[in-house]
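Here's the structure, in structure tokens; my notes come after.
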Amino acid sequence: MSSLLDALNPEQLQAVTLPSQHALILAGAGSGKTRVLTTRIAWLIQTGNVSPSGVLAVTFTNKAAKEMLTRISAMLPISTRGMWIGTFHGLCNRMLRAHHRDAALPQAFQILDSQDQLAAVKRTLKALNIDEDRFQPRQVQWFINDHKEEGRRPKDVADANDEFGRRALQVYAAYDEQCQKEGVVDFPELLLRCYELLQRNEPLRAHYQARFRHILVDEFQDTNRLQYQWLKQLAGAGAALFAVGDDDQSIYRFRGANVGNMADFEREFHVPNVIRLEQNYRSHGNILDAANALISHNRKRLGKNLWTAAGEGEPLWVYEAQTDGYEASWIAEEVQSLLADGRAGRDIAILYRSNAQSRVIEHALFSQGIPYRVYGGLRFFERQEVKHALAYLRLLANPNDDAAFLRVVNFPARGIGARSVEALQDAARAADTSLWQAAARLSGKSAASVGAFVKLVTALREATQGLPLPEVVAHVIDASGLIGHYQAEREGADRVENLNELVNAAAAFVQDDAYVAQFVADAAESPAAPADPLSAFLSHAALESGENQAAEGADAIQMMTMHSAKGLEFHVVFISGLEEGLFPHEQSFVEEDGLEEERRLMYVAITRARTRLYLSYAQTRLLHGQTRYNLPSRFLDELPKGVLKWLTPQLGRALGERAWRAEEPPAHLNRAARSSPSRLPFRVGQNVVHPKFGQGVIVNAEGSGTDARVQINFGPQGMKWLQLEYAKLTAA
DNA sequence: CTCTAAGAGATTTTT
DNA sequence: TCTCTTAGAG
């Protein structure tokens, strides 16, 4: 047992060996959070504090859950089968499957992903005759999810006094009713339904409360209201809740995360143990100094300061480029020399605030022949052809799934036009049935073609009865005509390949130990729970959308948004686009506490780096087809001067003289400047200071002499046109 | 049904 | 500027 604890520092050790009480672990970036969490579980089991089946550990991503499982298995000689380790959604799904009857769900209920949900919302809008232009489906979807995540059903939503609120509520009610009818649930519904199940079903609640003696939560700062309520409920009968999180790394408020849960937890549970993990094992001192200094500008913090036993290391390298294109080529060159020095591509990450920024950088890397990998984008199970195949499979499992029905009723094309579908929808609405049921008893003109579809699905179901899952999938993609359709298409080769890959995914799935384990566990939990590999696979497809990109093997530079970088670490990190308006994003200026969230994002970005960190920005950036002149990000000013090493002459802010101006930008890059009247003492792109508005950049100019006016971007102070004759401008 | 053209919109993301 | 969605023509 001692070997388990050997490598821990005093705080980690304390956290791991806490008595069976509530605990809040404030774990800074790189402080060994996952290690503490997993060692805690192993320690609890090994010391006999709890049996594996008494453990519930919950994460946000499948990746994190898998990682946890792997690490625990490595530490313990026992099987992890009895443990409930997974994502919030995964665990709720599991519980709902085991007790579907009590949750008023069909045995093979299907899960709608965000895409499916949006489509369903659109259908509801149409059914209610609501104008999509005035009431945007996305807004309505957001409205629905927001209420669900606060635990509110339509009846719990307060009457709105605005038109949108009233209509959206109407849609919410109709949408929920429709989902219930079809036997489908969206993501937030998984949580809410599970929460309500436990709330209403006293014996069931008591059962799980008695079972889970230790509940552990990862990334607690990212939990939303409902997730917190769910945890509270499960821990309600004396279980020990062990929450690990970092308020400084809370960057997901836009999707409902509520950092306040940390303070609420401490207060409501009278948490006797609050432990701070502040020793960082990842980064060199200068990097941590920068991170600490930056985050100290935030007011709302629980407080924490990272330190390291490693040396101070290199300074942070800062680069100012004239344009986004130059910034990108500089990055590419720097990367090139790192690679030449023997640094592996996978150790280097290029981070940016928004996906749109990746393009220029990709271009630069590409033209230098540097292999790179961009994260984010379509995942395997989100691909069109895969979704089509899944829709057929969903219909086999649950024919009342209208979303699946609509997706493939005429794909591949079989002559069922929009009007036939509409007629069918009307019939279904009138008879209050699913489309499938309406189709089955349809008569009239479109009966033939729709009938053929019904026959096809029925035939698929019969032909695959009793077959192993991979064979079911193989049969469906072929007999549905999907493969044939894409083979006939000019550029369909990749899609055919993906469809075949789906067969492999199914084969891998049924062999996966996690699946087998869950199946065994659920059968034990509720003998009534059916062994249905197809439904399980479909849940898996919805809950785990698969890898981001295929080319895994090759060594490549990692490119991603700062958000997706959370939880990762790299030897070398580039943070690009450090410009006011971009990062911090201009949207954050108007959001409540928006700047603090942006600053936390910067904090996350900085703390990804182990040994070397580059910071860069451009004076000029092409955005939405327009040249924008941005000020350097305020975050640069918030870093300690001593740890920064400028690779370019500083803007003259400190010097009072613009040494950098000595070097004229290439003419082709300076079109705006050339076109502005040359007599002006100022020019476009120049940094200036205004007594009232502070520092700004001239972005436009017109007129001459006493008429001369310039437009200046003062960052957060906004954009202003100023008459040169009166404005007391000085060069920055 | 498929193709083209015009229009809107353009943070951040997992499940 | 670019990309995605949707409306209308062929």
Side-chain angles (χ1 to χ4, degrees), chain A residues 58-65 86-94 111-119 122 132-133 136-138 142 145 148-149 185-192 194 218-219 222-224 226-227 249-257 324 351-360 375-379 381-382 410-421 449 485 489-490 539-546 548 560-567 577 581-591 594 597-598 600-602 604-605 621-628:
Chain A
V58 56
T59 63
F60 277 87
T61 65
N62 293 297
K63 202 173 146 201
T87 63
F88 279 101
H89 294 86
L91 295 176
C92 286
N93 176 51
R94 190 163 162 181
I111 299 168
L112 301 184
D113 67 17
S114 312
Q115 263 180 59
D116 297 333
Q117 186 191 28
L118 184 62
K122 283 184 186 168
E132 280 194 19
D133 289 331
Q136 292 181 0
R138 279 191 185 286
W142 177 81
N145 289 351
K148 284 192 181 186
E149 281 167 1
V185 297
D186 54 45
F187 286 134
E189 180 74 22
L190 280 171
L191 287 159
L192 182 53
C194 185
D218 190 17
E219 306 275 19
D222 286 339
T223 50
N224 63 34
L226 182 56
Q227 285 158 340
Q249 291 191 70
S250 162
I251 54 172
Y252 284 118
R253 203 181 42 170
F254 69 92
R255 69 176 200 211
D324 49 349
L351 309 183
Y352 35 81
R353 173 68 239 262
S354 54
N355 290 114
Q357 289 168 249
S358 77
R359 189 184 266 265
V360 233
Y375 284 77
L378 262 200
R379 270 107 50 98
F381 288 114
E382 291 168 357
N410 194 36
F411 194 95
R414 49 178 71 87
I416 303 171
R419 64 193 183 291
S420 305
V421 173
S449 49
H485 173 86
E489 218 172 47
R490 266 165 308 173
S539 305
H540 165 80
L543 290 174
E544 198 166 339
S545 25
N548 259 321
M560 65 195 81
T561 63
M562 301 179 202
H563 282 89
S564 1
K566 189 167 149 215
L582 237 203
F583 188 38
H585 196 277
E586 55 195 352
Q587 207 61 38
S588 71
F589 300 148
V590 294
E591 282 164 10
E597 176 121 336
E598 294 286 299
R600 289 192 291 266
L601 185 57
M602 178 68 177
V604 167
R621 183 174 295 272
L622 209 55
L623 198 63
H624 305 331
Q626 276 181 329
T627 305
R628 305 208 347 178

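Protein chains get the first letters and strands the later ones, always in sequence-line order, with residue 1 at the start of each. Source: prediction; values computed, not measured. What you see below is based on every heavy atom in this structure, not just the backbone, and it leaves out hydrogens, waters and symmetry mates.
Using a 4.0 Å heavy-atom distance criterion, A:Gln136 is classed as a sugar-phosphate-only contact. Residue A:Phe60 is classed as a sugar-phosphate contact, given heavy-atom separations below 4.0 Å to backbone atoms only. Base engagement by A:Glu591 is indicated by at least one non-hydrogen atom pair under 4.0 Å involving a base atom. A:Asn410 comes within contact range of the sugar-phosphate backbone alone, with a heavy-atom separation under 4.0 Å but no base atom that close. Residue contacts for A:Lys122: at a heavy-atom cut-off of 4.0 Å it reaches the sugar-phosphate backbone alone, with no base atom in range. Counting non-hydrogen atoms under 4.0 angstrom, A:Phe88 reaches nothing in the nucleic acid. At the heavy-atom level, A:Ser114 lies under 4.0 Å from base atoms of the strands shown.
Dashed line: the shortest gap from a side-chain N or O of A:Asn355 to OP1 or OP2 of B:dT12 is under 4.0 Å. Contact annotation: A:Ser564 side-chain N/O to B:dT12 OP1/OP2 distance is not under 4.0 Å. For B:dT15, the OP1/OP2 oxygens have a side-chain nitrogen or oxygen of A:Asn62 closer than 4.0 Å.
For A:Ala541, the side-chain contact (heavy atoms from CB on, under 4.5 Å) test picks out A:Phe381, A:Leu390, with sequence neighbours left out. In this view, A:Asn62 and A:Thr87, A:Glu544 satisfy the side-chain contact (heavy atoms from CB on, under 4.5 Å) rule, not counting sequence neighbours.
At whole-Å resolution of the value, CE in A:Met562 and C1' in B:dT12 are 10 Å apart. Following rounding to the nearest Å, A:Leu351 (CG) and B:dT11 (C1') show an atom-to-atom distance of 16 Å. Atom C1' of nucleotide B:dA10 and atom NE2 of A:His585 are separated by 9 Å, given to the nearest angstrom. Rounded to an integer number of Å, the gap from A:Glu597 CD to B:dT12 C1' is 9 Å. The interatomic distance linking A:Glu189 (CD) with B:dT15 (C1') rounds to 14 Å, in whole Å. Nucleotide B:dT2 holds its C1' atom 13 Å from the CZ atom of A:Phe411, rounded to whole Å. The distance from atom CZ of A:Arg138 to atom C1' of B:dT11 is 13 Å, rounded to the nearest whole Å. In this structure, the CZ atom of A:Arg255 is 13 Å from the P atom of B:dT12, given to the nearest Å.
At a cut-off of 3.5 Å, with distance as the only test, no side-chain donor of A:Ser588 or A:Glu591 sits close to an acceptor on the other residue.
Between A:Lys148 and A:Glu189 there is a salt bridge, with a side-chain nitrogen of the basic residue lying less than 4.0 Å from a carboxylate oxygen of the acidic one. A:Asp222 has a carboxylate O that lies under 4.0 Å from a charged side-chain N of A:Lys566, or vice versa, which qualifies the two as a salt bridge. The pair A:Arg353-A:Glu598 counts as a salt bridge, with a side-chain nitrogen and a carboxylate oxygen less than 4.0 angstrom apart.
Considering only side-chain atoms of A:Gln587, the nucleotide from B:dT11, B:dT14, B:dT13 that sits closest is B:dT11.
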*Go through the steps to decide whether A:His563 and A:Phe254 satisfy the test ring-ring contact (aromatic ring centres under 6.0 Å, His included), and finish with yes or no.*
CA-CA 12 Å; A:His563 282 89; A:Phe254 69 92; 5.7 Å; yes
*Would you sort out whether A:Asp324 and A:Gln357 count as a side chain to side chain donor-acceptor pair (under 3.5 Å), showing the intermediate values?*
CA-CA 9 Å; A:Asp324 49 349; A:Gln357 289 168 249; over 6 Å; no
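Taking atom P on both C:dT3 and B:dT12, the two are 15 Å apart, rounded to the nearest angstrom. Using P as the reference atom, B:dT11 and C:dC4 are 13 Å apart when rounded to the nearest Å.
Residue-nucleotide stacking is not present for A:His89 and B:dT15, judged by a side-chain ring centre under 5.5 Å from the six-membered base ring centre and planes under 30° apart. With centres under 5.5 Å and a plane angle under 30° as the test, the ring of A:Phe254 is not stacked against the base of B:dT13.
When DNA chain C is scanned 5' to 3' for any atom under 4.0 Å from a heavy atom of chain A, the first and last hits are C:dT1 to C:dT6.
Not a single donor-acceptor pair under 3.5 Å links the side chain of A:Arg628 to the backbone N or O of A:Leu623.
Taking the nucleotide of DNA chain B with the nearest heavy atom to each of A:Ile251 and A:Leu190, the more 5' of the two is matched to A:Ile251. Mapped onto DNA chain B by nearest heavy atom, A:Leu601 and A:Gly415 fall at different nucleotides, with A:Gly415 at the one closer to the 5' end.
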